[in-house]
Structure formats: structure tokens, C-alpha cells
Engineer: 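Before I ask anything, here is the structure I am working with.
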Amino acid sequence: MTVAVVRFGGSNCDRDAVRALAHLGVDAAVAWHDDGLPADTDGVVVPGGFSYGDYLRAGAMAAQSPVVAEVRALAADGVPVLGVCNGAQIGCEAGLAPGAFTTNASARFQCERVHLRVENATTPWTAAYSEGDVLEIPIAHGEGRFEIDDDAYADLVADDRVLFRYCNADGEVTEAANPNGSTGAVAGVTGDRDHVAVMMPHPERATLPALGATDGQGILGAFA
Amino acid sequence: MSLGDSDRERVVAALGRDPTPAEAALFENLWSEHCAYRSSRSLLSAFDSDSEAVVVGPGDDAAVVRVPGTDQLVTVGVESHNHPSYVDPYDGAATGVGGIVRDTLSMGAYPIALADALYFGDFDDEHARYLLDGVVEGISDYGNAIGVPTVAGATQFHDGYTGNPLVNVACVGLVTEDRLVTAAAKSPGNKLVLVGNATGRDGLGGASFASEDLAEDAETADRPAVQVGDPYTEKLLIEANETLLDRDLVVAARDLGAAGLGGASSEMVAQGELGARITLDAVHQREPEMNAMEILLAESQERMCYEVAPADVDAVREVATRYDLGCSVIGEVTTGNYVCEFDGETVVDAPATVLADGAPATDQPSTVPQAPATDRPDPALGTAIDAVLSAPNTASNEWVYRQYDHEVGARTVQRPGEDAAGLALHEADDGTTVALSAGANPGWTACQPYAGAYATAVENATNLAAAGAEPLAAVDCLNGGNPEDPDVYGGFEAMVAGLADGCRAIDTPVVGGNVSLYNDSATGPIAPTPTLAVVGYRDQHPVPGSGLAGDGDLVLVGGHADGLGGSVYLQALGGTDQFPAADAAGVDAVREAATRADTLAVHDISDGGLAVTLAEMVTADAGATVTVPGLAALFSECPGRAVVETRDADALQAALDVPVVRLGSATTDGTLSVTVDDETVTRDAATIRDHRGVIARELD
């Protein structure tokens, strides 16, 4: 599989994603947004960063770019697409996933290790885990609070589209373990179909053994 | 401020005529204290700056050292952004980050880590907290957006900084020999190309603003001298710089910092012993009707000046366009003078070497600082422990570093909160880690500038040692007050001597740095502040960390110390004392201890002394029970020592040739229990966390 890691101006986790995927044996390369996606693209990562400086609203500018139209078309064809952090914000802005990620309850940027509980282990992103597994994966965002209206949230839960919820080390979803005030402590969701997903925590920062945390390998392993 | 009389005479003699207004402004900025180190130059020869590892020493934008056993080079540089951060803490600090990152780019390197040493007035002062909040947010917003992790640093509070905080920023970059670039212009006929932001009227006279005391109305009057940062453009510039290097299009490079285009371009050609002919009208501008002096000296951010072969100019323009960056060919390298033309007229025509190196050094009178008397307080043990553990200067910095993306880049193996940061050198593919420590303690240098600065070197080396790393090179940011005051200059002079001797003692070359004087305001001068950033390496990843395991013996490598001068203990409880003499021999011993298989945890002694070291090692699941011979032993901050939890204290004691004192043992109850003279005080992990949470509590 050849995974395109889309780089916008202001993306900054693109190299990290390529390195993590390479560690898992996945052929991946950075694709500059303006060049479009390579013809042999059969997987897409929209990485973290600050596309267009996030000067309008996080992800809003990138969501309107031609390359995202290409990503949308590939997703419709069944190509796996993962948006991480700013990539998740872009995914929601582009309608690839429901809801929106907005300013943390703390109103500050937060870089820390958090725990995630696997809510649905039947997607490509979570097939390596069991439902209820607790993963330790870092977050680093100022706008990671998942917001969605009540009806849409009810649908999301009913359709089993919540991938991860923030939890404590014992797997309990508590207010104290929710780092940003996300609705339902949601950390990641799938789009209309299972092969499209967005998440705020960074699996590429929990993949390389040298960094001492490898719980994210199963997520990026979906591209293997 | 304008060009002084004696400088004007010197300029007239060099040019053989009166300077034009643009020349006078250029000389004023380039010959300022900030750019020309006039009061400090004579002191800087005290530093040893060479070693086998050094590839590029002092004088370029950043220094370059080889990582032993690999084909990788690291760059390291440090910069102050002190006055701007007082006037506008958010933008002042943000542009400090931007500037040091561009210093890294101009060596051909990719930035991989930032460290910030921040100094504010008393934490109880509301304005100090406002400045802290703004500075941290500025660093966070800029550093996070450009994708360079902020992995190390320090936050200090001391009353000398009330009217003049310090923001010292260091950056480490990664480069290989074939991509290394320097600032020196190489060949006449090559083009000078400006890439990046358009030039506006921002930051006018920033270099001279940094070279005088802050006035009481500085927050309003000097705001135009503060630049405004645009991290999005900086990130594009980082990527464009990489692409230019990938395509081998850069002959020489310098970022535009102090004194703007005039500073960067004249220094490039001066270093190459060449000249330039520059057409100021060609500079891409974002404000109408700028005059020659404004174009020449504006400190608009996110701009780089490249020397480019004529045949490559179109390719450079193409790269700039790809990244939505402005690009203008502003002139060319010549064999003559440094010449600038504007609107068809010659506005500058001076030898580049006179501009860059012609400023005379100033000999300042100095008074030798006196050692303080000994007058120690006599508090109860529990009172002393609570006072020191809850002091802002020993508080947890988590509130600060949580706002920094310290993991972007996927290299961070040792995170903020540990003694030193560790960054995986993936490129070496052999487990090598680059280590970084940065900071200084103004309490130490305020007490005794020489001994305090010496100890700063030992302390940073001990931080690396506790991470199992060896130092490679250091850069310093020497901050002082108004050098025209003999007491201030005497303290500065002693600080420089102490730092130079300390760096010699830890066997570490000082390969670059920055001097910031006139850190003086209506509330008085700052303490001499020798921020040191030390980069080191370790050839394997695993490091023990500072958290107790709970099942070993606790020993103090380096033995007990007695001097309390400069300590948080005296700051909190009153009194005076001499600063303890730091022993650099402890550094190697701590590294040896940190890398032994039977070592479970290591944490060095610094701010707050042994008491704080132990408190920081306690976790909810692991505690420490220790006996200490007296309050001085518990609170002396003498560096070059570390607490080690070990499974084999006898073997450790036998292996080291410095004193190794048995303190007690680690426990599994998450409690710190300290016995001094038959009196025992116990604090649990929750109480310790509460004591140490003062910054988060007051600022959230």
C-alpha cells in the first residue's frame, strides 16, 4: 500500500507520520497539497499541524482545498483515510466525519499523555485491539474539544461510530480524565464508513519503540 | 538614541565625509551594544571554544558540532528577547523563538528542539504573572505552529526582573556536512536574494532599543520597536529552506534579525571580506512609501537572505513561489564597498568590515563584588520543608511545558520535567540520543556572581549526566544590567569569568552565545544571569528517569554540602550565606551512576536542594525515607550531585571516586520522610503535589 501523507503549508506531523508508517513496513510519502495525490495512492493520512496557520478556524481553509476534494473522492472509492489532530479538524470541516473540534475547555494548548478506551474494535483502525482496551497515546492541541449536537451524538453512539473515549488508566471514562471537555469524552470517530476516521490523539507519536510508547501501532497498522 | 559623538567622528574618519542619514542609522544599529558587544567583547576571550567535535565555532548564526560516532552534526544557538518581551510579552517572546529558529536555518539545519529560560519578577507580583502568562502563550503559539518541540528550559522568579524580564531561547538543529551553510559570502557576481515576509515598518531600531535601559513608559513608547511574528510564514520558510538545500541552491545564508536587511547583508559580505551593491527599491514591501532607512533597518520577521549563483536565481524564485513566499533579487556580491541605492541615489557606501567590525570596544570601570556574610535562620524542620517545597522557584513547571508541544518531531525520549531532555537521533540508526539542558539560577549569581556562574555550568552538565549523556558544547546568553554602573559591570565581569572557568571544568567548549546588557529599569538592575544551554549526546536510548521505583537504597552521589548562599531556603526564610563551591568531579560520577544496570532512578540536586530533589522523586506509589545531618545539608543547592536509587549501594560506592553518602531507602508508600537530628517530618505525595502546584493554581 502506498500511503500519501498530505502536507499543507503549516502541517508539522507529516514527517513523523511517514517515519511511523515506515517503521510498520508501510510505504508512505509526503504529498505537497498543491501537487495533488500520486496516482498510486491507496491510503491517506491528513497529519497534524496548523494548516494555513489555523488563522481562520482550525482546518477550515485546508478543507476547501482541491486536494481534499481528491481525498473525498478516494474515500468514496473505499481508500482508507485517517485524519489526526489538525487532520481531524480538517476532516470534520470537510464533512468526512461528523461534529467539530473546537477550543479546549481550558482555553489553553495541552500537550500530555492521555488514556483512550477502545469503544469499537471492528474497524480497520481498531482491529488490532479488543473493545475496552486502554491505550496510552499523547495529545497536543489547543482545539480538540469534540462538539456535536445531541441528535447527531445519539446517532453516532447508536451506529457504533465512536472509536475512542478519553479515560483514566483503569479504563473509566471520568470527567477528570477528559482533557479538553469533549462531548462524551470522544477522542476519535469514524466517518460514514469505517475506513474513514478522525482522531485528536497522535498515534504516530506512540509507534516508534525508541519513544517508549507503542500503543498507537495498531491504529497506523490499518495501512499495513 | 542616535549615533554618539565619538562614534560619529570615527565614522567620518573611516568614510572621509559625513555619513548620510541612512548610513548614520545603520552605524547606530550595527555599532550598538546589542550587535557589537562593545562592553563585553574584551571579556569573551575567557571562553574556550574549541574541541574535536566543533565544526563551526563562535561568530556565525549558530555553532555546529559533530555527534561522535555518527555522520550527523547538530547546530546550537541562543538568543535573548528581553526588552521586547517586557513591552509586548506575547509577540516579544514569539519573535524570539522565530529568530533563533532562523539562525538554525541559515546554517542549513532543520530545527529539532527549543529550550526557553524565562526570568520574571517576584511571583507574588501581579505584573510578573501577567508577563509569564503572555510569554508562555507567545512561545507556545509560535513554537507549536512551526512544529519545533520545546523540550527544556527553566522558569525563575527574582525581584531584579520586576521591570525587565528575560526571555532566553535556544534552538538545536540537525544537519549533515554536505548541507552545511555559513554566512560568509563567497563569490563576487553572485546574487543576493531575499526570501520570506514582505518588509514593513515593524521593529524599527530594535537593536538600539535593546541597547539601553527600559524607560518607565516603555510599554507604550517602545511598542513600535517590537516585531510581530507570523509562525505560518516561518513554517513555510523552514520548508522552503529545506527544498533550497535539497536542490543545492544556497551558497551562503543569513537570517534577518537585529538591524534587519542592513545587518544581515553587510555581515554576510563582511565575513567573506567582500562588498555588495543592493537596490533597496527591489525589496518586496508591504507598506507604501517606505524610505531607504526603513527598508534597510526594519526588523520585519520571517525573512532570509541567500547568496545564490546567477544561474540558480530562477530556481530559487520557483521554490519561494511554491511555498507562497515573497522573493526579491536585491543585489549582488561585489569586491567593493557595501553600497545601497534607493530611488536612483547612493544612500550607503561604506566598507562592510567597518560596518560589521568597526565599533570600538568600551572599557567599563568595575567594582569587585563582595562575598556575603553568614547569617542563617533557625526554623523548625517542617516549617522549612513546607516553605521550600511551596516556593515558586521550586514549583512544578508543568503548567508551562504542558502548553508547549514537546513531542512534535517524534524524537522526544526524555520529556520536560526530567533533568535533561533527550531526543532520539533517528538518522544515526544506532540508538544515539541528543541531550539538552538549559537554564541558570539568578539566586546563585546574585549571591556570588563568580561561584554562581561556575555552578551554572556544573549544574547543566549534571543534568545531562543524570540523563546518561556527555556534554558536547555549550552556548551562553549573558544577561546583565547597565554596564556603565561599576557595581553592575563588576558583577557581570565576575559572572563571565565564573562561567568560563565552570565550562572549562566540565570540559565543554563554549561555541557561541549572545550578550544582553542594559537590563535595567526603574526597579533596578537584574542579577547577572548566565543562561547556559548545553547540548550533549548518549549512545543508547534507555535512561532511568527521576521517579522512584520503590525498592532500592537511596544514596547521595557527591556527598553532603553545607553552603546555603543563593538558596530558595534563604529566599523563603531570610538570612545570608556564602555560595557553596561546586565540584565538577561530581558530573562524571553522576553519569557513571545513571548508566549502571542496578540503578533504578537518578535525579540531580539543584533549586531547593536535596529536599526538593527527593520530593520530586516521590510518586503516588513510591516514597523515600532518609536521614540527613542538618538543615544546611537538606537545603544546600550545591550542584554536581545527585540522588540515586540503587539495588547495589556497595557496588556503586566502590565504583565512584567521589563521596557517596547513604541517605536511606525507597519505600512503596508514596511518602517522603525526612529525619534531621532525631526530628522526623513526613509529607505524602498529594501534599507534595499541592505544594509544588503553585504556578498552575495561580495562573489557571
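Within every chain, numbering begins at 1; the chains are lettered A, B, ... in the order of the sequence lines, protein sequences first and strands thereafter. Side chains included, hydrogens not; waters and symmetry mates left out as well; all remaining heavy atoms used.
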Engineer: Kindly give the heavy-atom pair with the smallest separation between E204(A) and A410(B), and that separation in Å.
Structural biologist: O-CB, 4.4 Å
Engineer: What part of D230(B) gets within 4.5 angstrom of chain A, counting heavy atoms only: side chain, backbone, both, or neither?
Structural biologist: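 Both parts, backbone and side chain.
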Engineer: What part of E407(B) lies closer than 4.5 angstrom to a heavy atom of chain A: side chain, backbone, both or neither?
Structural biologist: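 Backbone plus side chain of E407(B), per the 4.5 Å heavy-atom cut-off to chain A.
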Engineer: What part of L208(A) gets within 4.5 angstrom of chain B, counting heavy atoms only: side chain, backbone, both, or neither?
Structural biologist: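 Interface part for L208(A): side chain.
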Engineer: Closest approach of R415(B) and L211(A), non-hydrogen atoms and distance?
Structural biologist: NH2-O, 3.5 Å
Engineer: Checking heavy atoms, do the side chain of S11(A), its backbone, both or neither come under 4.5 Å from chain B?
Structural biologist: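 Backbone only.
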Engineer: Chain A heavy atoms under 4.5 Å from S140(B): which part of the residue, side chain, backbone, both or neither?
Structural biologist: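 For S140(B), the side chain is the part near chain A, not the backbone.
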Engineer: Is the count of non-hydrogen atoms from other residues, nucleotides or ligands lying under 6.0 Å from R689(B) atom CZ greater than 12?
Structural biologist: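 Incorrect, the count does not exceed 12.
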Engineer: Please list, in residue-number order, every residue in residues 165-181 of chain A that has a heavy atom less than 4.5 Å from any heavy atom of chain B; write 'none' if there are none.
Structural biologist: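 Hits under 4.5 Å: none found.
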Engineer: Only pairs of heavy atoms separated by less than 4.5 Å count here; which of D324(B), V408(B), L236(B) has the most with chain A?
Structural biologist: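 Option with the top pair count is V408(B).
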Engineer: Where on Y52(A) is there a heavy atom nearer than 4.5 Å to chain B: the side chain, the backbone, both, or neither?
Structural biologist: both
Engineer: Pick from P231(B), G147(B), G409(B): which one has the most heavy-atom pairs with chain A under 4.5 Å?
Structural biologist: G409(B)
Engineer: Of the backbone (N, CA, C, O) and the side chain (C-beta and beyond), which part of D141(B) lies under 4.5 Å from a heavy atom of chain A, both, or neither?
Structural biologist: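 When you check distances to chain A, no heavy atom of D141(B) falls under 4.5 Å.
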Engineer: Is the number of heavy atoms from other residues, nucleotides or ligands within 6.0 Å of CZ (R286(B)) greater than 12?
Structural biologist: yes
Engineer: Can you name the closest pair of heavy atoms from F109(A) and Y404(B) and give their distance?
Structural biologist: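 Nearest pair, atom of F109(A) first, then Y404(B): CE2-C, 4.3 Å.
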Engineer: State the CG-CZ distance between D700(B) and R108(A), to the nearest 0.5 angstrom.
Structural biologist: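 If I round to the nearest 0.5 Å, the distance is 5.0 Å.
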Engineer: Between E234(B), H406(B), R322(B), who has the most heavy-atom pairs with chain A when the cutoff is under 4.5 Å?
Structural biologist: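 Option with the top pair count is R322(B).
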Engineer: To the closest 0.5 Å, what do you measure between CH2 (W32(A)) and OG1 (T243(B))?
Structural biologist: 8.5 Å
Engineer: Could you tell me whether R15(A) and E427(B) have a side-chain N and a carboxylate O separated by less than 4.0 Å?
Structural biologist: no
Engineer: Counting heavy-atom pairs closer than 4.5 Å to chain B, which one of R19(A), R7(A), H141(A) comes out on top?
Structural biologist: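 So the answer, after comparing R19(A), R7(A), H141(A), is R19(A).
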Engineer: Which heavy-atom pair separates Y232(B) from Y55(A) by the least distance, and what is that distance?
Structural biologist: N-OH, 3.4 Å
Engineer: Any sub-3.5 Å donor-acceptor pair from N12(A)'s side-chain atoms to I146(B)'s backbone N or O?
Structural biologist: no
Engineer: Counting only non-hydrogen atoms closer than 4.5 Å, does D54(A) touch chain B with its backbone (N, CA, C, O), its side chain (CB onward), both, or neither?
Structural biologist: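 The answer is neither part of D54(A).
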Engineer: State the CG-NE2 distance between D16(A) and H426(B), to the nearest 0.5 angstrom.
Structural biologist: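 Going from CG on D16(A) over to NE2 on H426(B), the span is 7.5 Å.
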Engineer: Could you look at R411(B) and say if it's the side chain, the backbone, both or neither that has a heavy atom under 4.5 Å from chain A?
Structural biologist: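 It is both, since atoms from each part get that close.
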